[in-house]
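Below is one structure, written out as structure tokens; comments come after it.
Per chain, numbering begins at 1; letters A, B, ... match sequence-line order.
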There are 2 protein chains.
Amino acid sequence: METKGSRSPAMTDVARLAGVSHQTVSRVLNDHPNVKEQTRLRVRAAIAELGYRPNRAARALVTGRSQLIGVVARNSMLYGPASMLTEFEQAAADAGFAVSVGSVRELDRDSISAVVDRHLDQRVAGLVVIAQVASATEALAEIPADVPVVFIDGDPAAGRSLVTVDQVAGARAAVRHLLEAGHETVWHVSGPTEWFDSAGRIQGWRQTLQEAGREVPPLLSADWSAAEGYRAGQMLARMPEVTAIFTANDHLALGVLRALHERGRRVPHDVSLVGFDDVPEASYFIPPLTTVRQAFGDVARAALTLLLGQMKAEPGAADTVIVPAQLVVRESVAPPS
Amino acid sequence: METKGSRSPAMTDVARLAGVSHQTVSRVLNDHPNVKEQTRLRVRAAIAELGYRPNRAARALVTGRSQLIGVVARNSMLYGPASMLTEFEQAAADAGFAVSVGSVRELDRDSISAVVDRHLDQRVAGLVVIAQVASATEALAEIPADVPVVFIDGDPAAGRSLVTVDQVAGARAAVRHLLEAGHETVWHVSGPTEWFDSAGRIQGWRQTLQEAGREVPPLLSADWSAAEGYRAGQMLARMPEVTAIFTANDHLALGVLRALHERGRRVPHDVSLVGFDDVPEASYFIPPLTTVRQAFGDVARAALTLLLGQMKAEPGAADTVIVPAQLVVRESVAPPS
DNA sequence: GTGGGAAATGTTATCGATAACAATGCTCGC
DNA sequence: GCGAGCATTGTTATCGATAACATTTCCCAC
């Protein structure tokens with residue numbers, strides 16, 4: 001387009017070409033009502049001819065707000081957060097927004113404040129905080145009240161604008177599936193307990209067992225890694241009474257799978273297993289893993305909708321969207337032998 | 001900090017408090033040499049007292065360039081690109097830059113141009129293009145020559161500023177490792193052949209076999225998924241002469257692993273297997289996977305360094321950095337039985 | 001056909017920084 | 001003790017958009 005050696009055209013260039021004032025060009029650009037149709041077309045033509053594109057910096061300066069959405073996320077290669085981010089970026093791009101990521105090593109107050117400040121420097125139009133732990137929610141105190149904010153995965157009870165997957169229901173589906181296969185009870189390898197996601201899954205697991213009048217075995221809590229899944233699996237593999245395991249994500253399941261394999265306990269013949277996430281590889285585990293899928297795309301789109309809503313209307317409007325989770329049945333569950 | 005209800009302080013506020021002109025404040029901020037030490041301190045104090053932070057939009061407007069680096073990447077949850085992105089964001093943040101991601105469904109010219117244009121709208125200070133296929137490199141024609149650009153994973157022969165992992169050497173190490181274990185030859189399940197990464201790994205595989213005077217078996221090419229790895233694995237599992245397999249990434253290896261398992265061919269007893277990437281779960285595959293690790297952090301930092309270099313000096317300076325890959329030996333390789 | 005009011009357009013101020021130039025102040029040599 | 005020359009600081013213009021207000025145009029009712 002703008003392969004000319006000179007600088008890119010500004011609004012006044014368009015105005016000159018169209019024979020109007022720059023303000024009229026601005027009005028056309030912003031879809032103001034009081035512009036004659038004929039003028040509008042003339043301006044549009046001039047814009048097209050020059051390949052004009054508005055300078056976002058200038059606009060941001062005068063309006064005090066950019067076409068940029070800041071995302072705060074933990075720096076991690078975890079499947080969930082990473083999926084979330086790409087999905088959100090796609091949705092935002094479709095709505096004409098750019099996304100600036102600010103990742104943070106730990107979700108503590110200070111790190112989050114620093115990233116939020118960086119985003120505010122850029123005069124972001126809104127913020128999305130992927131806040132899987134309570135400390136992240138606390139950091140919201142740092143965010144000025146007039147900046148639209150949406151949380152993903154935060155505390156469902158916080159009364160802030162928030163989108164999250166129905167972890168409890170997902171876990172219930174997983175546990176119910178195992179009970180229905182005939183298992184007496186279900187063991188759970190959870191994620192870090194300070195994560196809301198973990199808490200929800202633990203709660204769903206515990207409730208379902210209790211409602212069915214089953215004994216609730218001790219909780220094994222881990223981080224999200226295959227390594228810790230393996231460690232937990234080594235314990236579980238030694239206990240013959242363990243016939244059904246629900247892990248808080250698929251990578252934990254992978255670790256458990258290997259531990260069971262090493263002790264000669266076969267899945268699903270001896271032990272049934274259900275994961276969470278439905279990572280793309282899950283159907284190629286040995287055996288293919290029954291798991292719970294989270295609709296990250298839906299979460300991302302819902303978050304964007306909430307954010308855009310806040311930009312138009314009052315920021316700070318609390319609105320909670322809970323996206324359902326879905327059990328994906330494969331071959332890692334069977335009746336107890 | 002700026003919890004006051006009013007707007008955040010501007011440079012003139014700082015100037016007034018420090019008893020200097022706003023220009024002097026600007027000079028302090030930009031580390032200009034000719035400011036008296038005493039004045040500098042006074043201004044610094046005023047900045048701290050007010051919690052002043054420069055308005056990036058205003059700066060971008062007048063300099064024509066923001067403190068924002070645009071990254072163009074394919075929208076995918078592949079381990080490599082995703083790792084790349086987070087690592088780069090970290091490095092950029094440390095250098096005081098924000099990162100705007102622009103992901104794209106396909107790496108064709110049009111999609112890339114669109115994303116690049118969006119970034120140019122934001123007046124990015126530089127661009128990083130994660131360009132795994134040739135079509136991405138072609139799209140560089142759209143990028144004005146005065147914008148610093150660094151490619152990651154692009155065509156090593158393109159003569160553009162580029163950082164990439166030494167795919168050839170990585171593949172050579174993998175194949176050599178298998179040959180040294182005593183295997184007659186090594187089969188290869190590659191990624192999509194139009195990817196530079198794939199091409200490099202194929203080349204390294206082929207070269208190493210040829211140099212050792214071994215027969216080069218037919219290439220099995222796939223996408224990067226466990227699903228296609230499984231399909232390729234089903235074929236390979238049926239062929240008794242296959243004793244060593246090198247897959248172009250770990251997820252392919254996972255699929256192969258399952259296919260071999262299903263046909264009762266044991267790894268590494270009957271078949272040896274080497275992957276590529278070293279995803280965190282790789283040591284929890286059954287058996288733990290020998291693979292090749294790519295130093296994504298190094299790639300990201302090198303890319304940033306190149307980019308900053310271009311910003312200071314001439315953009316367009318061609319400079320190629322090749323980051324080594326490293327074989328990680330685990331348990332999926334053994335001598336042929 | 002004329003006055004009123006809305007629709008359409010133009011003018012000027014503004015956002016908050018940097019750049020270019022102007023104007024001080026200081027040091028030092030003779 | 002005075003002027004050259006550099007170090008330091010201030011003034012004004014500028015980037016490219018939107019906002020607020022001013023002005024012109026148009027249409028219609030009376």
Angle, rounded to 10°, between the helical axes spanning five pairs at each terminus of the helix from dG1(C)-dC30(D) to dC30(C)-dG1(D)? 50°
Polar side-chain atom of [X] near backbone of [Y] as donor-acceptor pair, under 3.5 Å:
X: Ser135(A); Y: Leu107(A); answer: yes
X: Arg53(A); Y: Asp117(B); answer: yes
X: Ser26(A); Y: His22(A); answer: no

Tell me which pairs pass salt bridge (charged side-chain N to carboxylate O under 4.0 Å, His left out) where either residue lies in residues 80-92 of chain A, with sequence neighbours left out.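 Sorted result for residues 80-92 of chain A: Glu89(A)-Arg118(B).
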Would you list the pairs meeting salt bridge (charged side-chain N to carboxylate O under 4.0 Å, His left out) in which at least one residue belongs to residues 14-36 of chain A, sequence neighbours left out? Asp13(A)-Arg16(A), Asp31(A)-Arg44(A)
Tell me the closest heavy-atom pair linking Leu68(A) and Phe97(A), and the distance in Å.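 That closest heavy-atom pairing would be N-CD2, 4.0 Å.
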Could you state the [atom1]-[atom2] distance from [X] to [N], rounded to the nearest angstrom?
X: Arg123(A); N: dT18(D); atom1: CZ; atom2: P; answer: 18 Å
X: Asn30(B); N: dA17(C); atom1: CG; atom2: P; answer: 11 Å
X: Arg53(A); N: dC15(D); atom1: CZ; atom2: C1'; answer: 19 Å
X: Arg16(B); N: dT11(D); atom1: CZ; atom2: P; answer: 14 Å
X: Asp121(B); N: dG16(D); atom1: CG; atom2: C1'; answer: 13 Å
X: Asp31(B); N: dT18(C); atom1: CG; atom2: C1'; answer: 15 Å
X: Leu50(A); N: dG16(D); atom1: CG; atom2: C1'; answer: 15 Å

Leu85(B) CG to Gln90(B) CD distance, which is reported to the nearest 0.5 Å: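 Interatomic distance, Leu85(B) CG to Gln90(B) CD, rounded to 0.5 Å: 10.5 Å.
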List the steps and the verdict of side chain to side chain contact (heavy atoms under 4.5 Å, CB included) for Thr24(A) and His32(A). CA-CA 9 Å; Thr24(A) 300; His32(A) 277 235; over 6 Å; no
Any side-chain N or O of Thr63(A) under 4.0 Å from OP1/OP2 of dT18(D)?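 No.
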Are Phe196(A) and Leu162(A) packed together at the side-chain level, in the sense that at least one heavy-atom pair is separated by less than 4.5 angstrom? no
Compare all side-chain heavy atoms of Ser66(A) with those of Gln122(A) and state whether any distance is below 4.5 angstrom.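 Answer no - side chains too far apart.
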Please list, chain by chain and in numerical order, all residues satisfying side-chain contact (heavy atoms from CB on, under 4.5 Å) with Val150(A), sequence neighbours excluded.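 For Val150(A) the side-chain contact (heavy atoms from CB on, under 4.5 Å) partners, ignoring immediate neighbours, are Ser161(A), Val163(A), Ala303(A), Leu306(A), Leu307(A), Gln310(A).
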Interface residues of residues 54-62 of chain A with DNA chain D (non-hydrogen, below 4.0 angstrom):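 Hits under 4.0 Å, by residue number: Pro54(A), Asn55(A), Ala58(A), Arg59(A), Leu61(A), Val62(A).
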Protein-proximity profile, nucleotides 3-10 of chain C, B/S/- by nucleotide at the 4.0 Å heavy-atom cutoff, equals -----SBB
